Amino acid sequence: MDDMKKVGNSSCNDGLLLRMGLNDNKAGMQGLDKEKINKIIMEATKGSRFYENELKKDQQVNQRIERMMQLKEKITTQQLLKAQLQVDKLVIELEQSRNLSNTIVHIDMDAFYAAVEMRDNPELKEKPIAVGSMSMLSTSNYHARRFGVRAAMPGFIAKKLCPHLTIVPLNFEKYGKVSKEVREILTEYDPNFMPMGLDEAYLNITEHLEERLNWPEDKRRFFFNTESTIEKDKGEVNMSAKFNEDGYSSSPILFEDNTPLMDDHPQQRDQSMENSVVFGTSAEEVVKEIRFRIEQKTQLTASAGIAPNTMLAKMCSDRNKPNGQYRIAPERQAVLDFLKDLPIRKVPGIGKVTEKMLKALGIVTCSELYQQRALLSLLFSEASWRNFLDISLGLGSTHLEKDGERKSMSTERTFSEINTAEDQYSLCRELCRDLAQELQKEGLKGKTVTLKLKNVNFEVKTRASTVLSSVSTEEEIFAVAKDLLGTEIDSVAPHPLRIRLMGVRVSGFLSEEEKKYQQKSITSFLKSGKEIAFLRLQPGKSNQEYCTKNSEASPGGSFFDKKRAARQLNSENLSPNETVAKEDSVLVCPVCNSEQKTTSLMSFNRHVDVCLNKGLIQELTEKKDFPTKTCNMENSNRVGGLSRGQQCANPSQGTKRSGVTTSQSVSKKAKSCNSKHTIEMFFK
DNA sequence: CGGATCGAC
DNA sequence: CTATGTCGATCCG
């Protein structure tokens with residue numbers, strides 16, 4: 001998004017201000033200068049919990065830098081020379097593989113959300129506006145930016161910077177519609193174009209350019225949208241000017257110079273079609289055409305970059321925004337010229353922290369990045385310095401890969417402080433419910449559940465747990481998340497856990513391969529007509545285990561719910577051995593599959609352990625896989641010492657991966673419980 | 001694997 | 001009063 005989140009850092013390095021304030025003000029005009037902006041932000045911010053946490057993070061970065069500098073001190077000239085040789089060998093290879101044959105375009109809608117809101121509400125047109133809420137802004141228009149109002153800034157601070165600021169709430173449905181309109185245009189130039197969010201996209205127009213060479217003019221002719229409500233009076237081309245809110249924006253507008261549109265066909269303009277325009281066949285003309293069509297269709301302007309790879313194209317689109325475009329010719333020297341004085345912060349992938357670290361090494365521009373390549377290869381990880389090298393050579397992807405399958409799905413929410421376990425658990429359940437719904441829309445199941453917590457001091461923690469069999473339903477996810485939450489609550493007891501955010505994520509999805517396999521094993525399992533045994537447990541003070549004989553256990557979850565609520569609310573230790581499975585559930589041993597006529601967990605566990613040990617011995621003596629009896633042990637986190645046993649009990653999942661998972665996650669839990677007797681017994 | 005960090009939108 | 005939500009990548013232990 002064209003939001004100026006990246007703010008040139010330049011001179012004064014007074015820490016946080018640079019991060020939080022906008023120091024990009026063109027002096028003179030109405031608005032505020034850097035100093036004022038930073039002062040106001042600092043006043044609004046100083047002493048807040050947020051600020052304190054920012055300071056803490058800042059210190060951590062400084063320590064990182066310190067460690068790096070110490071490392072640097074130890075580097076000998078010998079090492080440096082050697083590194084230089086190695087890196088330069090790589091440079092030669094990279095140089096040889098440089099590919100300038102593609103034409104990549106990056107399209108970036110200008111101040112997208114704000115522009116949509118202004119379009120739809122003329123009242124806003126002359127005003128400084130931002131889209132978002134009092135707590136967080138998503139974007140602002142250029143007018144507001146002159147006051148230092150920008151994306152990722154809370155609205156209440158923006159208001160201090162610019163008291164007249166109008167804050168419009170987000171309306172994603174609307175932006176989505178507009179985005180779709182834009183995409184309909186883009187797809188004509190590259191059916192495989194890659195959208196990046198609602199307001200940006202990469203296109204590879206290499207093929208289009210070839211075809212276009214043979215196109216007759218008619219196919220390159222487009223008409224002005226006449227029935228639009230826009231006030232436009234004089235002549236052909238001033239439509240885009242209105243989007244230049246301020247009249248003194250430095251960016252070029254679409255038709256401002258005398259030549260561009262008719263580049264290739266200067267002769268025809270007036271007679272044929274009064275309200276039409278013909279675009280040429282060059283890349284620049286194509287992109288002008290795209291931007292023209294976007295504007296005609298949506299009344300919104302876009303900026304664009306043209307270059308031989310995505311990284312460069314993206315940086316180009318930033319060059320002349322808003323409502324401008326820029327091209328790097330497909331020549332090595334053109335690329336290097338472009339990079340020469342470019343601040344590394346402009347490079348996609350280089351953020352605040354990396355900028356600061358590199359600056360500590362005296363690196364600010366891309367050419368400096370290249371000069372220091374040998375040093376960087378000694379100070380940074382392979383992935384990092386190779387990336388730096390690519391950047392400084394101007395290398396990037398020359399084709400647009402379809403993004404692969406998703407790797408995780410999550411949901412999180414911020415709220416005013418919540419500090420009672422009761423509310424936290426019910427919130428957690430709610431998140432699990434929402435997440436489960438989304439997961440099921442995509443038919444996904446994952447093995448890892450991650451809980452994210454942010455306390456009122458803005459400190460973030462994540463806690464993850466990987467289970468044997470994939471989860472996707474509210475109950476399944478919650479069963480895991482609630483344990484993680486419980487552990488965190490316990491960890492601060494007797495103090496309450498004071499949080500301002502909670503999130504739940506599911507990852508570790510099954511690959512397509514695994515899906516099929518699982519499908520098979522499930523159906524064959526069902527055919528075999530066996531019962532599913534469930535076994536669950538919660539570590540910590542509220543140990544709770546039960547098995548039900550029923551495969552559709554706890555249908556509405558109410559049973560589960562009440563139990564949990566009661567237990568956690570009372571916050572006392574129910575003796576873990578008593579009162580299990582009162583209702584209509586029956587304990588079934590997951591190993592031998594027989595019903596156990598007891599309601600005492602302890603004796604039930606004993607039985608299970610015995611069964612498992614039998615299995616273990618058998619496995620080890622026969623030295624082969626455990627019999628493939630499909631015993632579904634979803635979520636079976638039985639708390640004590642079943643590390644090997646679980647593997648045995650669930651052979652259908654017996655891949656290397658799940659084996660490791662099992663022994664790790666269980667052995668950890670085994671410590672917290674005193675039931676490692678299973679293991680000890682075995683080794684006697 | 002789990003946890004923290006970075007970066008992008 | 002009031003500092004987002006979602007995702008992927010990477011590094012380290």
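Letters A, B, ... are given to chains in the order of the sequence lines, protein chains preceding strands, and every chain is numbered from 1. Below, each value reflects all heavy atoms present in this structure, side chains not excepted, and no hydrogens, waters or symmetry copies. As the structure is a computational prediction, the values presented were derived from the model and not from experiment.
At dC1(B), none of the side-chain N or O atoms of T448(A) fall inside 4.0 Å of OP1 or OP2 (strictly under the cut-off). Contact between the side-chain N/O atoms of T414(A) and the OP1/OP2 oxygens of dG5(C) is found at a separation under 4.0 Å. S48(A) has no side-chain polar atom (N or O) that falls below the 4.0 Å cut-off from OP1 or OP2 of dT2(C).
Not counting sequence neighbours, the partners of E430(A) by the salt bridge (Lys or Arg N to Asp or Glu O under 4.0 Å) test are R413(A). With sequence neighbours left out, the side chain to side chain contact (heavy atoms under 4.5 Å, CB included) criterion links D423(A) to I418(A), T420(A). The side chain to side chain contact (heavy atoms under 4.5 Å, CB included) test applied to S48(A) returns F50(A), Y51(A), not counting sequence neighbours. Annotation: side chain to side chain contact (heavy atoms under 4.5 Å, CB included) contacts of M196(A) (sequence neighbours excluded): M194(A), E200(A), Y202(A).
Rounded to whole angstrom, the span from the NZ atom of K352(A) across to the C1' atom of dA8(B) amounts to 13 Å. Taking atom CG of residue L451(A) and atom C1' of nucleotide dG3(B), one finds them 13 Å apart after rounding to whole Å. A straight line from CZ of R413(A) to P of dT6(C) spans 8 Å, rounded to a whole angstrom. As a whole-Å value, the separation of R150(A) CZ from dT4(C) C1' is 15 Å. Per the geometry, CZ belonging to F172(A) stands 14 Å off P belonging to dT4(C), to the nearest Å. Rounding to whole angstrom units, CE of residue M134(A) and P of dT2(C) are separated by 12 Å. A straight line from CE of M194(A) to C1' of dA8(B) spans 14 Å, rounded to a whole angstrom. Between the CZ atom of F458(A) and the C1' atom of dT5(B) there is a distance of 18 Å, given to the nearest Å.
Comparing M196(A) and R463(A) by the nucleotide of DNA chain B that holds the closest heavy atom to each, the one mapping nearer the 5' end is R463(A).
Ranking dA8(B), dG7(B), dG5(C) by closeness to the K314(A) side chain, first place goes to dA8(B). Residue D199(A) places its side chain closer to dC9(B) than to any other of dC9(B), dT6(C), dA4(B). For K454(A), taking side-chain heavy atoms from C-beta onward, the closest of the listed nucleotides dT4(C), dC6(B), dG2(B) is dT4(C). The side chain of R64(A) approaches dC6(B) more closely than any other nucleotide in the set dC6(B), dC9(B), dG2(B). Comparing dC6(B), dG7(B), dT4(C) by their nearest atom to the side chain of V61(A) picks out dC6(B). Each of dT5(B), dG3(B), dT4(C) was ranked by its minimum atom distance to the side chain of A152(A); first place goes to dT4(C). Taking every side-chain heavy atom of E412(A) into account, dG5(C) is the closest of dG5(C), dT4(C), dA8(B). Set against dG5(C), dA8(B), dG7(B), the side chain of V353(A) has dG7(B) as its closest nucleotide. The E200(A) side chain lies nearest to dC9(B) when the options are dC9(B), dG3(B), dG2(B).
When side chains are defined from C-beta on, T473(A) does not count as touching V471(A), because their heavy atoms never get closer than 4.5 Å.
Within 6.0 Å of NZ on K180(A) lie no more than 12 heavy atoms contributed by other residues, nucleotides or ligands.
For C162(A) against V149(A), the heavy-atom pair with the smallest separation is CB-CG2, 4.0 Å.
Residue pairs satisfying the salt bridge (charged side-chain N to carboxylate O under 4.0 Å, His left out) criterion with at least one member in residues 388-410 of chain A, sequence neighbours excluded, are listed as follows: R406(A)-E442(A).
When heavy atoms are screened at a 4.0 angstrom cut-off, L501(A) is found touching the sugar-phosphate backbone but no base atom. Counting any heavy atom pair closer than 4.0 Å across all strands shown, T354(A) reaches sugar-phosphate atoms only and no base atom.
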Revision key, fill the gap. Whether each nucleotide of nucleotides 7-13 of chain C has a protein heavy atom under 4.0 Å at its base (B), only at its sugar-phosphate (S) or at neither (-) is summarised, 5' to 3', as SSS-S--
